[in-house]
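Single-structure report; data block below.
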Amino acid sequence: MEWWRDARFGMFIHWGLYAIPAGAWDGTTNHAEWIRTTAEIPLEEYDQFLDEFNPVKFDADAWVKMAKDAGMKYITITSKHHDGFGLFDSETSDYDVMASPFQRDILKELAEACRREGIKLCFYHSIMDWHHPDYLPRRNWEKNRSVEGAQFPRYVDYMKAQLKELLTNYGDIGVLWFDGEWEDTWTHEQGVELYDYVRSFQSDIIINNRVDKGRQGMQGLTAEGDFRGDFGTPEQEIPDTGLPGIDWESCMTMNDHWGYNANDSNWKSSEDLIRKLADIASKGGNFLLNIGPKADGTFPQESIDRLKAIGDWMKVNGESIYGTEASPFEHLSWGRVTQKEIQGGTRLYLHVFDWPEDGKLRLSGLKNDGIKARLLANHSLKVNVQRKEDELVIELSGQSPDPINTVLVLDIEGEPEVVSPPLILAEEDRFVDDMKVSLQAGKFEIRYTIDGTTPTSASDLYSSEILITDNTVLKARFFDDQRPVSGIRTQTFTKVSMQSAQKLSNLQSGLNYQYYEGDWNELPDFNNLRSKKSGTASQFGVDGKVQEEHFGFDFTGYVNVPENGAYRFYTSSDDGSRLYINDQLAVDNDGLHGMVEKEGLVALEKGYHKIRVTFFEQGGGDDLIVSWKGPGIAKSEMPASALYRQ
Ligand code: FHN
């Protein structure tokens with residue numbers, strides 16, 4: 001993994017037949033690499049693109065040079081996306097670039113250009129295949145595409161044969177980036193076997209976690225268990241914090257589409273992309289930034305412009321990204337930090353997004369001495385550093401040299417010794433009667449206040465749980481021999497009034513539900529729709545579904561809460577869901593997404609409260625899990641024993 005961790009920054013390329021329609025079909029323009037499915041194009045109609053694929057302006061050297069000049073160290077290109085079309089010369093298929101007018105092995109040309117430029121070539125390969133007759137399931141709208149004779153194991157053999165070609169005909173491959181692993185026909189056992197199969201051809205190759213079944217939705221990290229995959233794959237998102245001991249790579253589009261969409265003008269700014277790169281590196285992750293080339297083989301100009309701007313920044317500041325590790329600090333208001341070991345100490349790179357107006361950049365909780373500071377871009381411009389209590393105050397004169405991200409270098413002796421503020425450990429930030437709060441013990445004493453004032457050496461010394469009985473602003477700070485050595489942790493606790501329970505009789509266990517069918521991109525108003533069927537269920541979930549996709553549920557009933565208190569409700573769903581308590585929206589988890597969890601807090605009196613959950617599934621995986629947490633209840637799936645209906 002070393003080259004990959006050092007690289008930190010790569011180019012994703014989504015390219016294939018779908019670049020020809022460029023997102024448009026039958027009057028709609030929001031398609032891209034999924035167009036055969038999202039526009040429900042029958043196979044024979046989609047295959048017309050095979051005869052049109054002729055990217056005469058394709059120039060592998062130009063692509064690789066743009067990636068290299070942008071500071072990218074590897075390229076991950078779609079050898080085959082879900083539509084089944086191969087960008088390479090495959091002996092096992094006639095559905096590849098050699099069957100198109102272009103008749104050149106694109107991946108071969110790219111492999112040679114990468115070798116010339118010292119860029120690692122990586123392949124994205126989709127397990128899901130909407131073209132091969134043996135792949136199952138079919139798309140649910142492909143009513144007239146028979147499954148007669150389809151044998152999934154034979155498809156797996158075909159996929160493995162293509163992977164063998166990719167792993168033996170194109171030289172060293174850095175990463176195999178699998179995708180499309182979410183359908184039920186692909187199993188954990190097959191994932192394990194495929195991981196080992198790939199490694200049998202190139203023992204040093206890195207394989208992402210979508211080879212197996214452990215990837216958790218778009219947040220992309222691998223679930224507990226023996227799932228295969230060398231790194232997690234957050235998609236279109238960046239984890240909130242670093243993830244010690246976990247390798248991960250955030251993949252992201254420059255606009256809203258992976259494959260080329262001629263109508264998509266929602267481009268992220270170069271500033272945003274440069275800051276995202278620093279943010280990701282400051283959390284110890286890699287950034288895989290996507291290009292969707294056009295049908296003629298060129299990159300969109302907007303992509304070229306952004307690659308150039310990122311490259312200009314990387315030429316000056318690349319060392320603050322390459323080979324760095326995650327920040328030793330918690331969230332910083334003004335920017336990010338990356339770090340690298342140097343002779344006798346550590347080099348901290350301070351990525352300053354927001355230049356301090358008063359010229360004083362503050363860095364709290366660093367106990368190390370022997371600090372030397374300078375601008376990365378201008379070695380001669382020394383920077384003065386003062387220590388004020390736990391803070392380092394770095395004096396910056398004049399305007400920011402780079403308003404997007406100016407990098408300062410702080411060289412310190414030894415490893416960084418950072419004292420983050422004490423953790424405030426509380427079940428909730430709202431309570432009904434009272435609540436107990438504890439502070440994380442550490443090697444230093446904790447002084448705290450509950451009136452919102454700054455803790456000093458004269459403030460209360462923390463020794464045991466703090467009882468909160470009214471609205472409170474709690475502030476806590478570490479002290480070493482009367483001297484503050486950390487910043488201040490602040491948390492507000494609010495006293496809330498409970499919703500009254502309902503007096504109910506002749507209840508039965510379980511829930512009522514209405515089941516609907518339709519094609520939605522967000523939760524519809526089920527009250528305005530005619531349901532396909534109604535029923536009862538012991539718990540929330542999708543067991544009552546009739547078809548695999550394009551369906552929804554509207555569950556209603558009562559939840560019996562055992563104690564007065566603040567309850568946190570959660571829905572985890574693919575796709576969207578909402579949860580209401582006593583007809584008030586408590587959790588809004590709407591939208592098209594993988595299994596994503598959202599939550600909400602409600603203060604409730606002991607007894608019965610009305611609960612309603614709405615849910616829809618458009619396509620791909622589907623599931624709905626409703627959980628709760630409250631007085632005496634650890635976070636858990638809401639049990640059938642708590643659910644009632646009239
Ligand atoms: O369905 C694909 C999508 O087309 C694209 O390839 C992204 C990029 O990783 N992955 C899947 C969606 O999660």
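It should be emphasised that the depicted structure is a prediction, and the values quoted were computed from it without experimental measurement. Position 1 is the first residue of the sequence, and the numbers go up from there. Start at 1 and go down the list; that is how both ligands and their atoms are numbered.
Aromatic pair Phe53/Trp15: centroids less than 6.0 angstrom apart. Aromatic pair Trp25/His31: centroids not less than 6.0 angstrom apart.
Under the 6.0 Å distance and 45° angle rule, Lys294 does not count as a cation-pi partner of Phe299. With a 6.0 Å cutoff to the six-membered ring centre and a 45° limit on the axis angle, Lys73 does not count as a cation-pi contact of Phe9.
Annotation: ligand 1 has protein neighbours Phe12, His14, Glu33, Trp34, His81, His82, Tyr124, Trp177, Asp179, Trp182, Arg210, Met218, Glu235, Cys251, Trp258, each with a heavy atom less than 4.0 angstrom from the ligand.
Residue pairs meeting the ring pair (Phe, Tyr, Trp, His ring centres under 6.0 Å) criterion with at least one member in residues 90-114, sequence neighbours excluded, are Phe85-Tyr95, Tyr95-His131.
The number of heavy atoms from other shown groups lying within 6.0 Å of CG (Asp172) does not exceed 12.
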